[in-house]
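Each remark here refers to the structure printed beneath this line.
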Amino acid sequence: MKRSHAIEKILEKMQARAVTSTNAAGLNMVAKVRPVLRGIESLEKIASNRFPAETPDGHYLRVNGSAKRVRQEISRVSDDLTSMFGAELESVDIHLNDRFKPSAQAQEIRAVLREMPMKDRPAFIMQAIKKGDTEVVAALRGSHPMLSGLDGDFHGRAVESAEELIAPDLVARREEIIGLFSDAQVALSTAEKALGEWSDPEKLSDIEKKEQSAKEAENSLSEALQERSFNVQQDI
């Protein structure tokens with residue numbers, strides 16, 4: 001399968017995921033990756049069509065020049081996607097913080113948890129989560145597990161469970177953007193593999209050496225012809 005076809009399938013998957021989402025960032029990510037697909041399609045077309053008067057080395061250099069331009073595009077797209085991904089996660093986190101805004105009693109809630117028997121703490125917290133008690137969850141989020149007398153693993157699972165139960169829309173939005181970003185990275189990685197087939201440093205070095213040798217031979221011939229012409233004129 002051509003690399004372009006593989007990238008196209010990834011974009012179709014991203015598009016299907018994005019159109020069912022209320023998150024505009026998904027479609028923006030798809031739009032960012034499309035130029036990379038066009039670049040790889042163009043590269044494959046150039047690679048499969050050598051000009052009649054073109055040498056194999058000349059053809060390789062022409063394709064390599066196209067590959068360099070596509071690599072620049074991939075770098076730009078990668079930076080844009082990373083920026084979009086970070087901004088979207090930050091936006092989700094801000095909204096989650098609004099849903100779980102700590103109350104003035106947050107410190108007291110953590111103190112109560114610390115004083116509670118160790119075996120009773122998990123049940124108390126899970127009961128609060130089931131009730132949708134954002135005040136208790138907010139006291140846990142953003143604070144060190146030790147402040148509530150909890151171990152790190154349970155603290156993390158509790159916060160995650162609370163977010164899934166109380167803010168499923170935001171959790172879904174976060175999962176969507178993570179999935180889209182992951183797909184986009186696979187598409188870029190596939191494009192990079194296509195470029196690698198026409199960016200062999202050793203082959204490029206060999207071609208450069210051949211060109212240098214040919215240029216030196218041409219210069220030597222030119223100098224010899226000039227010298228011969230000069231000698232003929234002297235004889236005359």
Side-chain angles (χ1 to χ4, degrees), residues 1-19 25-88 176-232:
M1 180 188 290
K2 288 184 177 181
R3 303 287 187 186
S4 60
H5 291 168
I7 296 171
E8 188 171 16
K9 285 186 177 299
I10 295 169
L11 275 172
E12 288 174 359
K13 177 184 174 184
M14 291 177 66
Q15 179 78 17
R17 188 198 296 262
V19 295
L27 290 174
N28 290 338
M29 282 191 171
V30 174
K32 286 290 181 183
V33 179
R34 284 205 183 281
V36 174
L37 170 61
R38 290 195 292 270
I40 295 299
E41 288 174 335
S42 175
L43 178 71
E44 290 173 344
K45 185 176 181 180
I46 294 171
S48 62
N49 291 280
R50 198 177 104 193
F51 296 147
E54 195 173 38
T55 65
D57 285 349
H59 179 239
Y60 189 91
L61 289 175
R62 183 162 64 92
V63 180
N64 178 257
S66 177
K68 285 180 179 178
R69 291 189 291 274
V70 176
R71 180 167 279 112
Q72 291 173 346
E73 179 71 15
I74 290 174
S75 179
R76 183 188 66 77
V77 170
S78 179
D79 289 343
D80 288 348
L81 287 172
T82 300
S83 178
M84 290 170 63
F85 180 62
E88 189 62 23
E176 283 170 2
I177 203 66
I178 289 173
L180 284 162
F181 183 72
S182 177
D183 289 341
Q185 294 304 303
V186 173
L188 296 188
S189 176
T190 304
E192 284 284 1
K193 289 176 183 176
L195 301 185
E197 296 169 5
W198 295 93
S199 304
D200 183 350
E202 186 174 343
K203 185 173 179 64
L204 289 170
S205 178
D206 288 342
I207 294 174
E208 186 178 333
K209 288 175 182 177
K210 287 181 187 177
E211 288 187 333
Q212 184 63 30
S213 296
K215 187 174 182 180
E216 289 173 357
E218 184 180 349
N219 290 338
S220 296
L221 178 61
S222 178
E223 290 173 2
L225 291 173
Q226 288 178 1
E227 183 177 352
R228 181 179 177 183
S229 177
F230 177 76
N231 290 335
V232 169

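The first residue in the sequence is number 1, and the count goes up from there.
Note that CZ of Arg50 is 7.0 Å distant from OG1 of Thr55, once rounded to the nearest 0.5 Å. Separating the CG atom in Leu61 from the NZ atom in Lys68 is a distance of 8.5 Å, to the nearest 0.5 Å. Atom CD of Glu44 is separated from atom CD1 of Ile40 by 7.0 Å, given to the nearest 0.5 angstrom. Here the CG atom belonging to Leu37 is positioned 9.0 Å from the NE2 atom belonging to His5, to the nearest 0.5 angstrom. Here the straight-line distance linking atom NZ of Lys32 with atom OG of Ser83 works out to 9.0 Å at 0.5 Å rounding.
For residues 33-42, the set of pairs meeting the salt bridge (Lys or Arg N to Asp or Glu O under 4.0 Å) definition, not counting sequence neighbours, is empty.
For the side chain to side chain contact (heavy atoms under 4.5 Å, CB included) test, residues two or more places apart in sequence or in another chain that qualify with Asn28 are Met84. Legend: residues meeting side chain to side chain contact (heavy atoms under 4.5 Å, CB included) with Ile46, ordered by chain and number and at least two apart, are Ser42, Arg62, Val63, Ser66. By the side chain to side chain donor-acceptor pair (under 3.5 Å) test, Glu12 pairs with no residue at all, sequence neighbours left out. The salt bridge (Lys or Arg N to Asp or Glu O under 4.0 Å) test applied to Glu73 returns Arg76, not counting sequence neighbours.
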Donor-acceptor pairs under 3.5 angstrom involving side-chain atoms of residues 177-195: please list them, not counting sequence neighbours.
residue, atom, partner, partner atom, Å
Asp183, OD1, Lys13, NZ, 3.4
Asp183, OD2, Arg17, NH2, 3.3
Thr190, OG1, Val186, O, 2.8

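With contacts defined as side-chain heavy-atom distances shorter than 4.5 Å, the pair Met14/Leu27 does not qualify.
Of all heavy-atom pairs spanning Pro35 and Ala31, the tightest one is CD-O, 3.2 Å. Residues Ala18 and Gly26 approach most closely at CB-C, 3.6 Å, considering heavy atoms. Nearest heavy-atom pair across His59 and Ala47 is CE1-O, 3.0 Å.
Using a distance-only test at 3.5 Å, with no hydrogens or angles considered, a donor-acceptor pair links the side chain of Asn49 to the main chain of Lys45.
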